[in-house]
There are 2 protein chains.
Amino acid sequence: MAIESTPVSVDVLAVRFACVARAVMIGIAPRAHDPFAGELALPGVLLGMGERLRAAALRAVTGKLGVPAAAVTGFGQLVTFDEPSRDPRGPTLSVALWATVDGAQLDGGPAPVRWVPLDGVPHLAFDHDRIVADCRPLLRERLWRDPDFSAGLLGREFTTAQALDVTEALTGVRPYPANLGRTLVRLPGLRRTERHAAALPRGGRPPSVWNWDRDLDPAG
Amino acid sequence: MAIESTPVSVDVLAVRFACVARAVMIGIAPRAHDPFAGELALPGVLLGMGERLRAAALRAVTGKLGVPAAAVTGFGQLVTFDEPSRDPRGPTLSVALWATVDGAQLDGGPAPVRWVPLDGVPHLAFDHDRIVADCRPLLRERLWRDPDFSAGLLGREFTTAQALDVTEALTGVRPYPANLGRTLVRLPGLRRTERHAAALPRGGRPPSVWNWDRDLDPAG
DNA sequence: ACAAAAGTGTTTTTTATACACCCATGG
DNA sequence: CCATGGGTGTATAAAAAACACTTTTGT
């Protein structure tokens, strides 16, 4: 009963907020096998029979990037790429997903895995350059609009300073703290706590701590 | 080398503007084979090896709805559904696309095909009720934002009256002619012509005719 | 005291919505 | 000349962006 049809791969934009570098990074790894063995690529796997997209995405992120499953904080669909020549082995469909990763739970990880800033992604294998280019605006417009994405990227609690940095990293412009604060208070599910984080080494007022009401649904 | 993987189907929301009924209709047809033989469903086909999504969508619309290829004026991606139990035969992926159809080029078509208003879609086979429900807001937000969708739905030229009707059909509220006019003049690629259409039988000022600069890319 | 960074309040700009009134047609 | 419905202009409301000034820290 198995019908010959186009194989489906799931390619993941695994994003992580590096609070020290104040940048949003995506995880890439050199390919283990041909084609493009050794070249950098997005983590991707073939979708198994009956497997859900997010399950495949989790497999890709844990398997190819060595990220522990518990560090994967969220998933979501982006777009599907159907250019038949995107894989030299033959036509495949690629469903692009985002996955958010909690940087704090990242042990060093396997050496060849690289986390590069979204702005400086090197050339990648397959059509992954195109995937990154097409999906970047989709990621940007999810910030502060899709709570799963926002919470996944920043974690259960975060400071105003981090929110400013993430926004700047994704949109290219640093918002006014006042305006971003108003954006945040309006978000359902997000609350400003009484607590404040420590100020930066070179002074400045300590930023507020925000947190999400509901728990982030874990990856499993 | 053929790897066992999830089959992919392409299910299409074929939309058409019925200017007489002043409604947006979607095309559905009873299924020819099991499962759900005889029950109404969205036109869908299995994605062939190496076939592009829009090619499959065209196949679905021509094959299942009997729409001539020339009457299909545009395509676009919506979302992918991955619920494994959506097809009783086994797990499949369903990529939902929209396709716009020019009603003027529709001969009667095969009898069992039905065009029903978006608001009154009957119960459909598989998970197609869910697909329609999930995709309806996606269609609405494409109107006047995605030129391919808007031009596909209304055709190369249209009147202000039709624009008002389509907007009302998709959003549920009839906009003020004045405001819609301003929305339209701001749209790149759309121009208001000097010409005017004939007024309705019961009077009223003859509406302006609008048209798109660039040609609509034909389906083929 | 000074610089840095966040917060509060207010102003300005832009966008969306609403409305009052004029125009063109059919009856 | 009246009903119907599109068009012009303008007013109002809501949302976004910008700015002045205060607060809290580190040096």
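As a basis for the values below, the full set of heavy atoms in this structure was taken, side chains included, without hydrogen atoms, waters or symmetry mates. In what follows, chains carry the letters A, B, and so on, assigned in the order in which the sequence lines appear, proteins first and then strands, with residues in each chain numbered from 1.
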Lys/Arg-Asp/Glu bridge criterion (N-O < 4.0 Å) met for A/Arg130, A/Glu83
no
Check the distance between D/dG6's P and B/Phe158's CZ and give it to me in whole angstrom.
14 Å
Which is it for B/Arg156 and B/Asp213 under the salt bridge (charged side-chain N to carboxylate O under 4.0 Å, His left out) test, yes or no, and what are the steps along the way?
CA-CA 9 Å; B/Arg156 171 168 196 66; B/Asp213 291 346; over 6 Å; no
Taken to the nearest whole Å, CD/B/Gln162 to P/D/dG6 is 11 Å
Indicate, yes or no, whether a donor-acceptor pair under 3.5 Å links the base of D/dT23 to the side chain of A/Arg205.
yes
For a quick check of understanding: with a heavy-atom distance under 4.0 Å over all strands, which category does A/Ala198 fall into, base, sugar-phosphate or nothing?
nothing
By nearest heavy atom, map A/Gly204 and A/Ala178 onto DNA chain C; which one lands nearer the 5' end?
A/Gly204
If you take atom types as modelled and just measure distance, does the side chain of A/Asn179 reach the base of D/dA18 with a donor-acceptor pair under 3.5 Å?
yes
Nearest-Å distance for atom pair CZ/C1', residues B/Arg174 and C/dA18
16 Å
Interatomic distance where NE2 belongs to B/His196 and P belongs to D/dG5 [whole Å]
18 Å
Whole-Å distance, A/Arg202 CZ to D/dT24 C1', equals 16 Å
Identify whether the distance between the nearest side-chain nitrogen and carboxylate oxygen of A/Arg86 and A/Asp11 falls below 4.0 Å.
yes
Identify whether NZ of Lys or CZ of Arg in A/Arg191 sits under 6.0 Å from the centre of the six-membered ring of A/Trp212 and within 45° of that ring's axis.
no
By the 4.0 Å heavy-atom rule, please label A/Pro175 as base, sugar-phosphate, or nothing.
nothing
Starting at atom OH of A/Tyr176, determine the distance to atom C1' of C/dA6, rounded to an integer number of angstrom.
15 Å
Between P of C/dG7 and CG of A/Leu200, the distance in whole Å:
12 Å
C/dA6, OP1 or OP2 - any side-chain N/O from A/Arg192 closer than 4.0 Å?
no
Hey, which sits more toward the 5' end of DNA chain D by its nearest nucleotide, B/Arg182 or B/Pro177?
B/Pro177
Closest to the B/Ala199 side chain, choosing from D/dC19, C/dC19, C/dT25:
C/dT25
Assign A/Ser208 to base, sugar-phosphate, or nothing according to its heavy-atom contacts below 4.0 angstrom with the strands shown.
sugar-phosphate
Taking C/dA24, D/dT24, C/dA6 as options, the one with an atom nearest any side-chain atom of A/Pro206 is D/dT24
Over how many whole Å does the gap from A/Arg186 atom CZ to D/dA14 atom C1' extend?
10 Å
Would you please indicate if the ring centroids of A/Phe75 and A/Trp98 are separated by under 6.0 Å?
no
A/Thr183 vs D/dA16: side-chain N/O to OP1/OP2 distance below 4.0 Å:
no
